[in-house]
Amino acid sequence: MMSFWENLGRRVIQMLTAFADTIVFAGKVFIRIFRRKTYSSAMREVLLNQIYFTSVQILPVFLMVSILFGSLLIGIVFQLLKEFGLTGFFGHVLMGLIVTELSPLLTVLLITLRSAAAINTEMAVMKVNREIKTLEMFRIDVIDYLLVPRVINGIISIVLLSSLCSIVLLVSGTLFSWLIFGMSIDVYTNILLNATNFSDILIALFKCAIYGFFITLIPIRFGLRASHELTSIPIVVSQGMVNVFAAILIIEVLSLLTKLL
Amino acid sequence: MTLSREFKVGLFIGCTAIIVVLALLYLAAGKGVFENLHAFTVSSKSGDGFTEGMPVVFSGFNIGKVQALELNEKGIVLIKIKIPDRHVKWIRSDSAFILYRPLIGSARIVVNTTNLNSPPLDEKKIPEVIIVNDINDAIARIEPALERVTQIADNVERLTSNLSDPKGDLHRILSNAGKITTNLASKKSLVEMVVSDEESVKALNDSLKKLKDITTNVDRILTKVDKMADKTDSEIYGKDGALPQVNVILKDIVGKLQKLDKTIDNINKISSDTSEGTKDLHILRSDIDDTLKTVEDAVKKLDAIIGLKKAPEFKVP
Amino acid sequence: MNIALIKEYHEDMPRRQAQQLAVEYLERVDLGHIAYKRNPALNPEERFCGMLLRAAMVKDAMILIDQPFKIIPHLKDIQFITTALKKIDDLYLSCHIYDYKWMEEKYGEL
């Protein structure tokens, strides 16, 4: 009986400590983002490469997925609105649900699956190959050189790609509103303008930035936890990915609460 | 030509940023962020229900919003509203400003302009806001109901306190019920439990036995009465009973009345012939007298028969 | 290109310039062709020169070589290492080589 409570207590303490560590670590990285010294030529090169790998390389596939998935989603939602006689809520559904909620979520899921997993593995491999140690030997700050560019890349990529996704969805919305409701572009634009709230857009953009920050920070953190054995790589990668998805859920819930308050 | 990585990244960030900024600018322009704003001031005795950013609505369309709320030296609330250039045409000198507070949904200032040709509202003029208040109306309606609910709640509270009072009615009833059930368990019969006395129960039993005897006697008497009634029936309705005789007499009377009809006809004839003479008058007189006598006899006979059979008396043993 | 990283990071040298510099130094030891190769693709001599140049990229570098014959096992004498060190002697302040006593014969007169 005693051991059960001990185990439970240990687990809770471990969880809270890990959470607190992550927050402290995030704080440390966040402060470095605003330090001028961080932006060395080496760091800028890494940042450039990271943006290239995360956003530019993925762009054609991302646009394709956005068009296909977004059109499908908009078509279904508009059809449902028409069937249930909720045409009056068309603008609010389009802006509040699809543009500010689903588009960031779709983007973050795609980027997590493609880039966060890669970052996690890359860090673990660097740790196993003692590259991290070599960097430290040459007084190259790991946070400045490896973490900050990846985290900034996460923020930039998610914000830009999510905005692109939203624009793609709005454009496909024009087509579907014409097909399903017989709505002209003028009416569609007017409805969107009336339904749009700047605060909602700002919250959505801020949420994207938070997503970007954590979906890169958590994999790096877990990647750096790898030991010097190759077998530790899959363990830290799977742990990192589970935690990334948990973070996505927590951020989504928090953003919902922000909207409610 | 192979594009460098830097160029591709720069192009991506640049283009996407431009698209996003253009979209936001379009949105801002659509929302009237870059338009000239006209400031109007309206007043109200109370600032209740007004909030900064509250929409100003004309014909269901948002045309502006409340910019600021101020309290002047006379204690009157000044509400500053901003209307974009393209909507300022709806604000005229005869426009009425109504604070509408619906029961469901957010409050708004509704602008009612009856004559759009009237001159534009002077920005220095301060019209007063009329307050239409769904919430207060609803509260006013609900208040009596609430009072009744409060009374009911008081009563319920009183009832529950009575019920919970150890000296209260319910407890008394329950203790009595307890006594009754104890009695019921100890007594031999329900009657004994009711009267709580064994002697009374015996007396009651004796009375019941006597009552049984009395009912036997009454039964006997009724049997006799039945027999007598049968006898009376045969005397009235039997072959030689009163009613058949009355029938015979009535038939006789009918026959005689027919004769009388003829006689009356004759009298009519006679009266017509009166002018001719009165020589048959004596004969006629005697005929009438005979007839009347006969009728009188018949009536007497009838009276005698009916009078005899009318009231039979029964002697109850 | 890890050699260029030191200059890029510590001196904020532009990437292109740092890379040019790294290539130039590699060419000094006749290894310009390995500039864009990764570590596993290098032979022991190339790897040693890469490490040596990386160490020399630090400002006021003091080079310390620990058991060089462990890095290049097939090397019969120190000649290759001293030649490489002479070619880049303007890049470091001092150089110290540490090894076990029983390896002394491989160092000759040095």
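Order of the sequence lines fixes the chain letters, A, B, ..., with proteins taken first and strands second; residue numbering starts at 1 for each chain. Values below: every heavy atom of this structure, side chains too, minus hydrogens, waters and symmetry copies.
- Of residues 191-218 of chain A, those residues with a non-hydrogen atom less than 4.5 Å from any non-hydrogen atom of chain B are, in numerical order, A:Leu193, A:Asn194, A:Thr196, A:Phe198, A:Ile201.
- Heavy-atom minimum distance, A:Ile167 versus B:Ile19: CD1-CG2, 3.2 Å.
- Residues forming a ring-ring contact (aromatic ring centres under 6.0 Å, His included) with A:Phe30 (at least two apart in sequence, or on another chain): A:Phe34.
- Within the model, atoms CZ of B:Arg5 and CG of A:Asn49 stand 4.5 Å from one another, a figure rounded to the nearest 0.5 Å.
- Residues of residues 67-78 of chain B lying within less than 4.5 angstrom of chain A, judged on heavy atoms, are absent.
- A:Ser157 does not touch chain B: none of its heavy atoms, backbone or side chain, sits under 4.5 Å away.
- The neighbour count for A:Phe69 CZ, taken as heavy atoms of other residues, nucleotides or ligands under 6.0 Å away, does not exceed 12.
- For the set A:Leu160, A:Val56, A:Leu59, the entry with the most heavy-atom pairs within less than 4.5 Å of chain B is A:Leu160.
- Counting heavy-atom neighbours within 6.0 Å of B:Arg148 CZ, excluding the residue itself, gives a total of 12 or less.
- Contacts of B:Ile13 with chain A are made by both backbone and side-chain atoms, with heavy-atom separations under 4.5 Å.
- Proximity to chain B (any heavy atom under 4.5 Å) is shown, for A:Leu170, by neither the backbone nor the side chain.
- Proximity of A:Ile156 to B:Phe12: side-chain heavy atoms (C-beta onward) are nowhere separated by under 4.5 Å.
- A:Arg44 pairs by the salt bridge (charged side-chain N to carboxylate O under 4.0 Å, His left out) definition with C:Asp12, not counting sequence neighbours.
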